[in-house]
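Right, one structure below, let's go through it.
In this text, all values refer to a predicted model and were calculated from it rather than measured experimentally. Counting convention: from 1, in listed order, for ligands and their atoms alike. We use all heavy atoms of the structure for the numbers below, so side chains are in, but hydrogens, waters and symmetry mates are not.
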Amino acid sequence: MFVLVNLKAYPCDPVEVATAAANVADDSGVDVGIAPQAAHLPAVAETGVETWAQHVSPVEHGSHTGSTLAEAVADAGATGTLLNHSENRMKLADIDASLDAADRAELETVVCANNPEQIAAAAALGPDAVAVEPPELIGGDVSVATADPGIVEDAVDAAAAVDESVDVYCGAGISTGDDVVAAEELGADGVLLASGVAKADDPQAALEDLVDPL
Ligand SMILES: O=C(CO)COP(=O)(O)O
(Lines give C-alpha, C1' and ligand atoms only; values in the text may rest on other atoms or scores of the structure.)
Protein backbone atom coordinates (compact mmCIF):
# COMPACT_ATOMS: atom_id res chain seq x y z
CA MET A 1 0.00 0.00 0.00
CA PHE A 2 1.19 3.50 -0.87
CA VAL A 3 0.40 6.15 1.75
CA LEU A 4 0.34 9.60 0.15
CA VAL A 5 -0.08 12.56 2.49
CA ASN A 6 -1.35 15.77 0.93
CA LEU A 7 -0.44 18.76 3.10
CA LYS A 8 -2.83 21.03 1.12
CA ALA A 9 -2.39 24.56 2.52
CA TYR A 10 -2.56 23.47 6.15
CA PRO A 11 -0.42 25.44 8.61
CA CYS A 12 1.83 22.51 9.49
CA ASP A 13 5.64 22.40 9.37
CA PRO A 14 6.26 20.56 6.06
CA VAL A 15 9.83 19.60 7.00
CA GLU A 16 8.75 18.20 10.37
CA VAL A 17 6.05 16.09 8.67
CA ALA A 18 8.40 15.02 5.87
CA THR A 19 11.16 14.03 8.30
CA ALA A 20 8.67 11.97 10.29
CA ALA A 21 7.39 10.35 7.08
CA ALA A 22 10.92 9.52 5.94
CA ASN A 23 11.63 7.87 9.32
CA VAL A 24 8.36 5.94 9.32
CA ALA A 25 8.93 4.77 5.73
CA ASP A 26 12.46 3.60 6.61
CA ASP A 27 11.41 1.81 9.78
CA SER A 28 8.28 0.16 8.35
CA GLY A 29 9.28 -0.46 4.74
CA VAL A 30 5.94 1.09 3.67
CA ASP A 31 6.00 3.60 0.80
CA VAL A 32 5.04 6.99 2.19
CA GLY A 33 4.89 10.15 0.08
CA ILE A 34 4.40 13.79 1.06
CA ALA A 35 2.76 16.40 -1.20
CA PRO A 36 3.58 19.87 0.20
CA GLN A 37 2.98 23.33 -1.19
CA ALA A 38 5.05 23.80 -4.39
CA ALA A 39 7.32 26.33 -2.66
CA HIS A 40 8.18 23.71 -0.01
CA LEU A 41 9.14 20.95 -2.48
CA PRO A 42 12.94 21.40 -2.23
CA ALA A 43 12.94 21.43 1.61
CA VAL A 44 10.69 18.39 1.73
CA ALA A 45 12.73 16.49 -0.88
CA GLU A 46 15.87 17.27 1.14
CA THR A 47 14.55 15.04 3.97
CA GLY A 48 14.76 12.06 1.63
CA VAL A 49 11.02 11.37 1.69
CA GLU A 50 9.22 10.54 -1.56
CA THR A 51 8.06 13.99 -2.64
CA TRP A 52 4.97 14.81 -4.67
CA ALA A 53 3.55 17.99 -6.15
CA GLN A 54 -0.10 18.82 -5.48
CA HIS A 55 -0.62 19.92 -9.09
CA VAL A 56 1.17 20.69 -12.33
CA SER A 57 -0.20 23.01 -14.99
CA PRO A 58 -1.09 21.84 -18.51
CA VAL A 59 1.75 23.86 -20.06
CA GLU A 60 5.22 23.59 -21.57
CA HIS A 61 8.10 26.05 -21.08
CA GLY A 62 6.92 29.45 -22.33
CA SER A 63 4.76 32.44 -21.51
CA HIS A 64 2.65 30.97 -18.69
CA THR A 65 2.89 33.35 -15.71
CA GLY A 66 1.69 31.83 -12.46
CA SER A 67 1.79 28.28 -13.77
CA THR A 68 3.35 25.31 -12.02
CA LEU A 69 5.68 23.85 -14.62
CA ALA A 70 6.18 20.07 -14.43
CA GLU A 71 9.90 20.40 -15.22
CA ALA A 72 10.34 22.93 -12.38
CA VAL A 73 8.54 20.64 -9.95
CA ALA A 74 10.85 17.77 -10.96
CA ASP A 75 13.91 20.04 -10.60
CA ALA A 76 12.66 20.89 -7.09
CA GLY A 77 12.79 17.22 -6.13
CA ALA A 78 9.29 15.92 -6.83
CA THR A 79 8.94 12.46 -8.32
CA GLY A 80 5.18 12.56 -8.75
CA THR A 81 2.17 14.83 -8.93
CA LEU A 82 -1.49 14.83 -8.03
CA LEU A 83 -3.85 16.13 -10.67
CA ASN A 84 -7.52 17.16 -10.55
CA HIS A 85 -7.82 17.17 -6.77
CA SER A 86 -11.34 17.90 -5.61
CA GLU A 87 -10.09 21.28 -4.37
CA ASN A 88 -8.33 22.03 -7.68
CA ARG A 89 -10.59 20.64 -10.40
CA MET A 90 -9.43 20.64 -14.00
CA LYS A 91 -11.07 20.37 -17.43
CA LEU A 92 -10.66 16.97 -19.08
CA ALA A 93 -8.43 18.43 -21.81
CA ASP A 94 -6.25 20.08 -19.17
CA ILE A 95 -5.88 16.85 -17.18
CA ASP A 96 -4.72 15.21 -20.42
CA ALA A 97 -2.21 18.01 -21.10
CA SER A 98 -0.94 17.95 -17.50
CA LEU A 99 -0.42 14.19 -17.83
CA ASP A 100 1.67 14.89 -20.94
CA ALA A 101 3.63 17.53 -19.00
CA ALA A 102 4.21 15.08 -16.13
CA ASP A 103 5.37 12.41 -18.59
CA ARG A 104 7.86 14.86 -20.12
CA ALA A 105 9.24 15.59 -16.66
CA GLU A 106 9.16 11.88 -15.71
CA LEU A 107 6.77 12.47 -12.82
CA GLU A 108 4.45 9.74 -11.59
CA THR A 109 0.80 10.71 -11.73
CA VAL A 110 -2.34 10.25 -9.65
CA VAL A 111 -5.55 11.69 -11.09
CA CYS A 112 -8.21 12.28 -8.45
CA ALA A 113 -11.92 11.81 -9.12
CA ASN A 114 -15.22 12.10 -7.23
CA ASN A 115 -16.84 8.84 -8.21
CA PRO A 116 -16.39 5.60 -10.22
CA GLU A 117 -17.65 7.18 -13.47
CA GLN A 118 -14.95 9.86 -13.28
CA ILE A 119 -12.43 7.19 -12.26
CA ALA A 120 -13.13 5.38 -15.56
CA ALA A 121 -12.64 8.61 -17.53
CA ALA A 122 -9.44 9.41 -15.62
CA ALA A 123 -8.06 5.89 -16.12
CA ALA A 124 -8.64 6.22 -19.86
CA LEU A 125 -6.12 9.09 -19.92
CA GLY A 126 -3.35 6.70 -18.85
CA PRO A 127 -2.11 7.96 -15.47
CA ASP A 128 -0.09 5.71 -13.16
CA ALA A 129 -2.94 5.78 -10.65
CA VAL A 130 -6.37 7.22 -9.99
CA ALA A 131 -7.77 8.18 -6.58
CA VAL A 132 -11.43 8.18 -5.64
CA GLU A 133 -12.27 10.83 -3.03
CA PRO A 134 -15.94 11.60 -2.32
CA PRO A 135 -15.89 15.39 -1.68
CA GLU A 136 -18.47 15.23 1.10
CA LEU A 137 -16.19 12.95 3.16
CA ILE A 138 -12.98 14.98 2.68
CA GLY A 139 -11.74 16.50 5.94
CA GLY A 140 -14.23 14.46 7.99
CA ASP A 141 -13.76 11.93 10.76
CA VAL A 142 -15.19 8.90 8.99
CA SER A 143 -13.06 7.05 6.45
CA VAL A 144 -14.38 6.53 2.92
CA ALA A 145 -13.70 2.81 3.44
CA THR A 146 -16.22 2.79 6.30
CA ALA A 147 -18.71 5.43 5.15
CA ASP A 148 -18.94 4.30 1.52
CA PRO A 149 -17.09 1.02 0.89
CA GLY A 150 -19.07 0.48 -2.32
CA ILE A 151 -17.57 3.56 -3.96
CA VAL A 152 -14.07 2.15 -3.43
CA GLU A 153 -14.99 -1.28 -4.81
CA ASP A 154 -16.78 0.32 -7.77
CA ALA A 155 -13.78 2.57 -8.45
CA VAL A 156 -11.46 -0.46 -8.45
CA ASP A 157 -13.76 -2.24 -10.91
CA ALA A 158 -14.20 0.88 -13.09
CA ALA A 159 -10.46 1.42 -13.43
CA ALA A 160 -9.78 -2.26 -14.13
CA ALA A 161 -12.43 -2.30 -16.86
CA VAL A 162 -10.53 0.48 -18.65
CA ASP A 163 -6.89 -0.34 -17.90
CA GLU A 164 -5.70 -3.05 -15.50
CA SER A 165 -2.31 -1.36 -15.15
CA VAL A 166 -3.73 1.77 -13.48
CA ASP A 167 -3.49 1.59 -9.68
CA VAL A 168 -6.43 2.75 -7.59
CA TYR A 169 -6.15 4.74 -4.38
CA CYS A 170 -8.90 6.02 -2.15
CA GLY A 171 -9.08 8.97 0.17
CA ALA A 172 -11.24 11.09 2.49
CA GLY A 173 -11.36 10.75 6.26
CA ILE A 174 -8.53 8.21 6.45
CA SER A 175 -6.57 8.63 9.67
CA THR A 176 -5.77 5.22 11.21
CA GLY A 177 -4.09 1.96 10.33
CA ASP A 178 -7.49 0.27 10.49
CA ASP A 179 -8.72 2.68 7.79
CA VAL A 180 -5.74 1.76 5.58
CA VAL A 181 -6.37 -1.98 6.07
CA ALA A 182 -10.06 -1.49 5.27
CA ALA A 183 -9.08 0.32 2.04
CA GLU A 184 -6.70 -2.49 1.12
CA GLU A 185 -9.41 -5.09 1.71
CA LEU A 186 -11.69 -3.20 -0.69
CA GLY A 187 -9.02 -3.53 -3.40
CA ALA A 188 -7.21 -0.20 -3.14
CA ASP A 189 -3.47 -0.07 -3.91
CA GLY A 190 -2.93 3.01 -1.76
CA VAL A 191 -4.52 5.78 0.27
CA LEU A 192 -4.53 9.54 -0.07
CA LEU A 193 -5.00 11.53 3.12
CA ALA A 194 -4.43 14.97 4.57
CA SER A 195 -5.93 16.18 7.85
CA GLY A 196 -5.20 12.98 9.78
CA VAL A 197 -1.49 13.82 9.54
CA ALA A 198 -1.29 17.52 8.65
CA LYS A 199 -3.56 18.54 11.54
CA ALA A 200 -2.26 15.96 14.04
CA ASP A 201 -0.58 17.18 17.24
CA ASP A 202 2.06 14.50 16.68
CA PRO A 203 2.42 13.78 12.92
CA GLN A 204 5.04 11.06 13.51
CA ALA A 205 2.68 9.15 15.86
CA ALA A 206 -0.16 9.55 13.32
CA LEU A 207 2.05 8.16 10.54
CA GLU A 208 3.25 5.27 12.72
CA ASP A 209 -0.37 4.34 13.45
CA LEU A 210 -1.25 4.50 9.73
CA VAL A 211 1.44 2.00 8.66
CA ASP A 212 1.43 -0.17 11.81
CA PRO A 213 -0.86 -2.97 10.51
CA LEU A 214 0.69 -3.12 7.03
O1 LIG B 1 -8.34 15.43 0.14
C2 LIG B 1 -7.76 14.52 0.71
C3 LIG B 1 -6.43 14.07 0.30
O4 LIG B 1 -6.04 14.62 -0.90
C5 LIG B 1 -8.36 13.87 1.88
O6 LIG B 1 -8.34 14.76 2.93
P7 LIG B 1 -8.65 14.22 4.40
O8 LIG B 1 -7.69 13.10 4.68
O9 LIG B 1 -8.42 15.43 5.27
O10 LIG B 1 -10.07 13.76 4.40
Side-chain angles (χ1 to χ4, degrees), residues 1-14 17-18 20-21 24 30-38 40-41 44 49-56 68 73 78-90 95 98 102 107-116 118-119 122 127-149 151-152 155 167-184 186 188-211 214:
M1 288 289 276
F2 182 38
V3 176
L4 181 53
V5 181
N6 174 8
L7 301 185
K8 304 193 176 184
Y10 284 128
C12 59
D13 178 341
V17 177
V24 168
V30 176
D31 287 338
V32 181
I34 298 290
Q37 285 285 302
H40 294 149
L41 285 168
V44 164
V49 79
E50 184 170 331
T51 303
W52 280 61
Q54 296 181 9
H55 171 78
V56 296
T68 303
V73 153
T79 56
T81 186
L82 296 173
L83 291 172
N84 196 45
H85 191 276
S86 181
E87 294 148 11
N88 195 3
R89 286 277 173 233
M90 302 170 72
I95 300 171
S98 285
L107 296 169
E108 282 184 64
T109 49
V110 176
V111 177
C112 302
N114 288 1
N115 56 41
Q118 292 177 22
I119 285 285
D128 295 301
V130 290
V132 64
E133 293 199 305
E136 67 278 11
L137 298 176
I138 290 178
D141 293 332
V142 184
S143 154
V144 59
T146 304
D148 196 352
I151 203 170
V152 181
D167 282 345
V168 180
Y169 305 158
C170 65
I174 290 173
S175 64
T176 68
D178 287 347
D179 297 338
V180 181
V181 169
E184 188 172 33
L186 293 169
D189 303 293
V191 292
L192 185 54
L193 71 145
S195 49
V197 170
K199 293 171 83 172
D201 291 336
D202 184 344
Q204 171 129 359
L207 285 158
E208 283 168 356
D209 181 48
L210 280 161
V211 305
L214 297 179

| Any side-chain heavy atom of Val30 sitting closer than 4.5 Å to one from Val24? | no
| query | Do the side chains of Met90 and His85 get nearer than 4.5 Å, heavy atoms only? | reply | no
| said: Show the atoms of ligand 1 that are less than 4.0 angstrom away from any heavy atom in Glu133. | reply: 1 (O), 2 (C), 3 (C), 4 (O), 5 (C)
| request: Check each atom of ligand 1 against the heavy atoms of Gly139 and keep those under 4.0 Å away; list them by number with element. | output: 7 (P), 9 (O), 10 (O)
| said: Please report whether ligand 1 has a polar contact with Leu192, defined as an N or O pair separated by less than 3.5 Å (distance criterion only). | reply: no
| Do Val73 and Leu41 touch side chain to side chain, with heavy atoms closer than 4.5 Å? | yes
| message | Could you tell me, atom by atom, which parts of ligand 1 come under 4.0 Å of a heavy atom of Leu193? | response | 3 (C), 8 (O)
| said: Below 4.0 Å from ligand 1: does a non-hydrogen atom of Lys199 turn up there or not? | reply: no
| Sub-4.5 Å side-chain heavy-atom contact between Val144 and Glu133 | no
| note | The protein heavy atom nearest to atom 6 (O) of ligand 1 is Lys8 NZ, 3.4 Å
| Heavy-atom distance under 4.5 Å between the side chains of Leu210 and Thr176, does that happen here? | no
| query | Would one find an N or O of Asn6, backbone or side chain, under 3.5 Å from an N or O of ligand 1? | reply | yes
| field | Residue His85 vicinity, atoms of ligand 1 by number, heavy atom under 4.0 Å | value | 1 (O), 2 (C), 3 (C), 4 (O)
| task | For Gly173, counting its heavy atoms only, list the atoms of ligand 1 lying under 4.0 Å from any of them. | result | 7 (P), 8 (O), 10 (O)
| query | With a 4.5 Å limit on heavy-atom distance, are the side chains of Gln54 and Asn88 in contact? | reply | no
| Considering only heavy atoms from C-beta outward, does the side chain of Pro134 approach that of Asn115 to under 4.5 Å? | no
| Proximity of Ile138 to ligand 1 by residue part, where a heavy atom lies under 4.0 Å | both
| said: Just to confirm my output: which protein heavy-atom neighbour is closest to atom 9 (O) of ligand 1, and how far is it? | reply: Ser195 OG, 2.4 Å
| query | Tell me, which protein residue and heavy-atom name are nearest atom 8 (O) of ligand 1, and how many Å apart are they? | reply | Ala194 N, 2.8 Å
| field | Side-chain H-bond candidate by donor/acceptor type, Glu50 with Trp52, under 3.5 Å | value | yes
| query | With side chains defined as the heavy atoms from C-beta onward, is the minimum distance between Thr81 and Thr109 less than 4.5 Å? | reply | yes
| query | Would you say Ala172 contacts ligand 1, with heavy atoms under 4.0 Å as the rule? | reply | yes
